[in-house]
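Just the heavy atoms: all of them, side chains too, but no hydrogens, waters or symmetry mates, feed the values below.
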Amino acid sequence: MSPTTHPGFPVDDPITSYWLKDPHPLASYCSSPTVPNHCDIAIIGTGLAGVATAFHILSAPHAEQNKLRVVLLEARQVCSGATGRNGGHTKLAAALAKPLYDAHGDAATQVMAHQLAQLSALKDVVDKEGIECDLKVTRSFDVFFDEDHAREVYAFIDAKKSEGVSWAKEVEWIEASDVDKITGVMNGKGALSTPAISLWPYKLVTALLSRVLELGGQLYTGTCVANVEEESGQTTLRTSRGILTAKKTVFATNAYTAALLPEYEGFITPVKGENSHLAPLPFFKPPISLENTYNLRFTAEYADYLVPRPDGTIILGGAKWTYDSNRDSWWNTVDDRTLIHDAATAHFDSVMARHYRGWENANAHHDMVWSGIMGYTPDTLPHVGRVPGSKSQWILAGFNGAGMPMIFTITQAIARMLEGVEYEDTGLSTLFKSTSERLAARQG
């Protein structure tokens, strides 16, 4: 079965993103013409989730003695999904913390701590492995344009600081009178400053993948997994390159999960988003150097994300309100061959001149625009751990467009679970655990 024969699988010929414009030598690599008959661990998906899981398994202190056979399977090219199409930053998402606390109470504190842990974990692996991926330790500004929204977020953050909540100590509030001066954004009603890093996600993933292959892992791109069947405590994967039986299987499939695990239908839904690369005029000199990443929060519901590149260009995504009312164009679709709406592109071309002081004549318009498919869950939390009712299958998927602040330390935990460690002993938030109870809460 090819990827195009099932509506939930990745489609052929997606739009090329800025990150993917220069394919890595491993982009279409196969370790052999057909998949092996057997392996210890099969991992479906080669975004950050799949590749980092393989890396943690094979770089563990005892991995050489165990000599595990790890096989990665990818329907398209390496990292051609959401990781290769995102904004290129990860941050403490303090502006989104209040709804999390409203829904889950103090359990949300562990989720916020988990986001902070990504920053040091990613920097550590980049430093240790000598990876060139433009990683930069910085701050991120959430600039609010709605006064009521700004006031609500400020009150919430202030309350958490007063309670002594540790993650809130990392957050700084910027008054409306100082927003322009500090951030360069005009007419903001207030802003948050939070810890962040920016990076080139594709370069990170391909560097880790190269290390995985050096450590004995096998890679099969252009290899669609048509279906999976569990029997006698192992999983049989029928692929376009043959049949593989795995003692353990990891679904690092994010938006595409329900195509292989139908029990996640309605619980991990593919959602289409849009992103762009802006290139100002070559001679343009910005009045304020953009050293930080941004979220421009126009309302409590709608925001853009903006990540400056070292060469003076900009990654800018979002614009959801320009197409939100046409739900069929973005909800429950895996088609990243096309853009969503011309209005999104027009918005991207207007952002710098409209919102950033001194950029009025920069002509910071797009030279690339692309779409990507994210996996959304009804409770906005990922599904992680053993697939409910399964003996040989694990999942990490459903990142709601916020995989970078979540995935890397989750993959460390998944690697430990595959060794036999129970979910509750990994340190992960219980809110992430994929359970039959979560799957029983039908989506409206």
Side-chain angles (χ1 to χ4, degrees), residues 10 17 19-20 23-31 35 39-60 63 68-86 88 90 118 121-135 199-225 237 246 248-257 372-373 375 382 384 394-399 403-418:
S17 78
W19 308 117
L20 300 171
H24 189 272
L26 293 175
S28 300
Y29 180 81
C30 284
S31 293
V35 298
C39 72
D40 294 298
I41 301 172
I43 300 173
I44 309 172
T46 60
L48 181 60
V51 171
T53 297
F55 172 79
H56 292 310
I57 293 167
L58 292 172
S59 62
L68 293 173
R69 296 167 295 169
V70 178
V71 174
L72 292 107
L73 304 165
E74 172 60 54
R76 302 193 300 200
Q77 290 189 321
V78 163
C79 198
S80 62
T83 304
R85 298 170 181 278
N86 65 24
T90 181
Q118 306 311 299
L122 286 169
K123 187 174 188 307
D124 287 349
V125 75
V126 166
D127 290 345
K128 182 179 178 181
E129 298 294 326
I131 296 172
E132 296 293 334
C133 63
D134 297 346
L135 186 141
L199 73 164
W200 192 307
Y202 181 62
K203 289 185 177 180
L204 170 65
V205 169
T206 51
L208 291 175
L209 182 57
S210 296
R211 185 75 179 117
V212 165
L213 296 187
E214 290 172 4
L215 292 168
Q218 292 179 273
L219 170 65
Y220 294 88
T221 65
T223 305
C224 180
V225 179
L237 302 91
K248 300 176 181 179
T249 299
V250 177
F251 293 83
T253 41
N254 201 30
Y256 306 101
T257 300
I373 308 300
V384 180
W394 282 259
I395 184 173
L396 62 163
F399 292 104
M404 293 303 291
M406 292 281 190
I407 288 173
F408 196 74
T409 54
I410 286 176
T411 62
Q412 292 172 328
I414 287 287
R416 294 180 63 204
M417 290 181 222
L418 294 169

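Of all heavy-atom pairs between I410 and P382, the closest is CD1-CG, 4.4 Å. Here the shortest heavy-atom pairing between I43 and A252 reads CG2-CB, 4.4 Å. For the residue pair R76 and S80, the shortest heavy atom distance occurs at NH2-O, 2.9 Å. A pairwise comparison of heavy atoms in P23 and A27 identifies CB-CB, 4.1 Å as the closest pair. Among all heavy-atom pairs drawn from G45 and L72, the shortest one is O-CD2, 4.3 Å. Considering all non-hydrogen atoms of both residues, C39 and V71 come closest at CB-CG2, 3.7 Å.
Not one N or O on the side chain of S17 forms a donor-acceptor pair closer than 3.5 Å with the backbone of R85. Between the side chain of W19 and the backbone N or O of W200 there is no donor-acceptor pair closer than 3.5 Å. Looking only at distances, a side-chain donor or acceptor of T46 sits under 3.5 Å from a matching main-chain atom of C79. A donor-acceptor pair is defined here as one N or O able to donate and one able to accept, closer than 3.5 Å; such a pair exists between the side chain of T223 and the backbone of T221. At least one donor-acceptor pair under 3.5 Å links the side chain of N254 to the backbone N or O of G398. Of the possible polar contacts, one joining the Q118 side chain to the F408 backbone as a donor-acceptor pair under 3.5 Å is found. Using modelled atom types, one side-chain atom of Y202 and one backbone atom of H24 make a donor-acceptor pair closer than 3.5 Å.
Considering CG of L58 and CG of L213, their distance stands at 9.5 Å, rounded to 0.5 Å. Put simply, OG1 on T411 and CZ on R416 are 12.5 Å apart, with the number rounded to the nearest 0.5 Å. Taking CE of M404 as the start and OG1 of T83 as the end, the distance is 7.0 Å to the nearest 0.5 Å. One distance of note links OG1 of T253 with CG of L396; it measures 8.0 Å at 0.5 Å rounding. Residue L26 holds its CG atom at 4.5 Å from OG of S210, rounded to the nearest 0.5 Å. Interatomic distance, K203 NZ to L135 CG, rounded to the nearest 0.5 Å: 12.5 Å.
Counting heavy atoms from C-beta outward, V126 and C133 have side chains that approach closer than 4.5 Å. For the pair Y256 and I373, the minimum side-chain heavy-atom distance is below 4.5 Å. With a 4.5 Å cut-off on side-chain heavy atoms, V212 and V70 do not count as touching. The side-chain heavy atoms of V125 and L208, taken from C-beta on, include a pair separated by under 4.5 Å. The shortest side-chain heavy-atom distance between L122 and L204 falls under the 4.5 Å cut-off. The side-chain heavy atoms of I41 and T53, taken from C-beta on, include no pair separated by under 4.5 Å.
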Give the intermediate values and the outcome of side-chain contact (heavy atoms from CB on, under 4.5 Å) for residues L418 and W394. CA-CA 8 Å; L418 294 169; W394 282 259; 3.6 Å; yes
Is there a side-chain contact (heavy atoms from CB on, under 4.5 Å) between L237 and V35 once you walk through the steps? CA-CA 10 Å; L237 302 91; V35 298; over 6 Å; no
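Under 3.5 Å, the side chains of S31 and Q218 contain no donor-acceptor pair of N or O atoms.
By the 6.0 Å contact criterion, CD on E132 is open, its count of non-hydrogen atoms from other residues, nucleotides or ligands being 12 or less.
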